[in-house]
Amino acid sequence: MRLRSILTAACLTLGTLMPATAQDSNYPSRPITSIVPFAAGGTADIFARMVSEHLQKKMGATVIIENVGGAGSIIGVTRVARAAPDGYTIGLASTSALSINPTLYGAKLSYNPEKDLVPIAQISMVPNVLVVNPTRITARTVPDLIAHIKANPDKVTFGSAGVGTTQHLAGELFQQMTGTKMVHVPYKGSSQMVTDLLSGQIDIAFDNVPLLLPHAAAGKLALLATASPKRAEFDPNLPAVSEFLPGFEAVAWHGFMAPTGTPKAISDKLSVSIREFMQLPETRKKMAELGAVAVAVPPDEFAKYIASETQRWKGVIEKANITMN
């Protein structure tokens, strides 16, 4: 009787495994939804649409982009985390969603990146750039800017796209590493912040490259340095802040995630296809035009990067005593 029970249990186990295996091998057999936790038309949305178009061609299934913006990407990422783990819902996520929000919101955050999401692939790095209004700040090098801020504590204003964004934390990290004090002016996005930077309402900022380049070319803004670990591809002549402050890094990045429990065979299939696309010369060229660096980081390596970024930004956030009420 005991042997019969064991054999029966084994058969039931095989019966539950076989349909899943068959389903994995036939994937995808219906449309895939790709959730973008930002409004349509932005840089992240463009990244997602590029990848989705490739997946459609490569996998032969429709990929539907669903823009679910709001709450600093929390609403959209929560949708991904709570979706059925069958490979038919994936989503784009950024630095803030995966490595900053867990510290800012703590237990109040409606998803846990480590428990609720699994990485598929990192696709981009978008360097923030240190920029000044040239009529408000005469410094044209990082050392000169540091000297100016030290001589004028709490008088220099720096803008950001909002509390807890990489732009904000770049400014906080800069102050912590230089022993300077500035006044933070948060905005609801980069567009209004750049408008006020141009008009002289604020003095300096760290921001993503695409919005800044046209104004810098026109002489309305002055780029001092990139916040990437080394000089950025868009302008090799522009120094990196790390050349003056070793270890300084404040970049935005994006990657695709899936709900925890998604079959590994499916997430691996998506990962391989996405990473192949990110390494194409035409993809790298298009990403560079958008002010980004195309990367093709596999799941395990991406998971380690998310963890390291989470710890790094946690230290900055706690030292600056930043909280979200």
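Everything quoted here is computed from the prediction, not taken from an experiment. Numbers here simply count residues along the sequence, with the first being 1.
Between E289 and K285 there is a salt bridge, with a side-chain nitrogen of the basic residue lying less than 4.0 Å from a carboxylate oxygen of the acidic one. Salt bridge present: E309 and R312 bring a charged side-chain N and a carboxylate O closer than 4.0 Å. A salt bridge does not link R275 with D268: every distance from a Lys NZ or Arg NE/NH1/NH2 to an Asp or Glu carboxylate oxygen is 4.0 Å or more. A salt bridge links E276 with K58: the distance from a Lys NZ or Arg NE/NH1/NH2 to an Asp or Glu carboxylate oxygen falls below 4.0 Å. Between E243 and R231 a salt bridge is recorded (basic side-chain N to carboxylate O distance below 4.0 Å). Using a 4.0 Å cut-off between a side-chain N of Lys or Arg and a carboxylate O of Asp or Glu, D154 and K181 do not qualify as a salt bridge.
Checked by atom type, the side-chain pair S190/D207 shows a donor-acceptor distance below 3.5 Å. The closest side-chain donor-acceptor pair between S94 and H254, if any, does not fall under 3.5 angstrom. Side-chain contact, N128 with T166: a donor N or O sits under 3.5 Å from an acceptor N or O.
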Discussion item. Set out, in order, the CA-CA distance, both residues' side-chain angles and the distance that settles side chain to side chain donor-acceptor pair (under 3.5 Å) for S29 and Y88, then state yes or no.
Written reply: CA-CA 9 Å; S29 59; Y88 289 96; 3.1 Å; yes

Practice prompt. Before giving the answer on side chain to side chain donor-acceptor pair (under 3.5 Å), spell out for N101 and S96 the whole-Å C-alpha distance, their side-chain angles and the decisive distance to 0.1 Å.
Written response: CA-CA 6 Å; N101 286 348; S96 293; 5.3 Å; no

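F47 contributes atom CZ, which lies 13.0 Å from atom OG of S52 (distance to the nearest 0.5 angstrom). Once rounded to the nearest 0.5 Å, the distance linking CZ of R136 with NE2 of H148 reads 8.5 Å. Note that CD of Q201 and CG of L198 are 11.0 Å apart. Values are rounded to the nearest 0.5 Å. The CG atom of D116 sits 9.0 Å away from the CG atom of L109 when rounded to the nearest 0.5 Å. In this structure, OG1 on T89 lies 9.5 Å from CD1 on I32, to the nearest 0.5 angstrom. Once rounded to the nearest 0.5 Å, the distance linking CG of L224 with CZ of R140 reads 7.0 Å.
Other residues, nucleotides and ligands place no more than 12 heavy atoms under 6.0 Å from the CD atom of E53. The environment of E114 atom CD is sparse: at most 12 non-hydrogen atoms of other residues, nucleotides or ligands sit within 6.0 angstrom.
With sequence neighbours excluded, no residue satisfies ring-ring contact (aromatic ring centres under 6.0 Å, His included) with Y111. For A61, the side chain to side chain contact (heavy atoms under 4.5 Å, CB included) partners are P28, not counting sequence neighbours. Taking the ring-ring contact (aromatic ring centres under 6.0 Å, His included) definition, one finds that F206 meets it with F174, F248, sequence neighbours left out. Contacts of H54 classified as ring-ring contact (aromatic ring centres under 6.0 Å, His included), with partners at least two apart in sequence or in another chain: F277. For F244, the ring-ring contact (aromatic ring centres under 6.0 Å, His included) criterion is met by no residue, not counting sequence neighbours.
Between D196 and S199 the shortest side-chain heavy-atom distance falls below 4.5 Å. Residues Y305 and T310 are not in side-chain contact: their nearest non-hydrogen atoms beyond the backbone lie 4.5 Å or more apart. Inter-residue side-chain proximity for I202 and N133 is flagged as unmet; no heavy-atom pair is nearer than 4.5 Å. For the pair M182/Q175, a side-chain contact is recorded, criterion being any heavy-atom separation below 4.5 Å from C-beta on.
Each of H168, H184, Q167 was evaluated against S160; a single residue qualifies, H184, per the side chain to side chain donor-acceptor pair (under 3.5 Å) test.
The side chain to side chain donor-acceptor pair (under 3.5 Å) contacts involving residues 65-80 comprise D45-N67, R49-N67, E66-R79, T78-S110, where partners must be two or more places apart or lie in separate chains.
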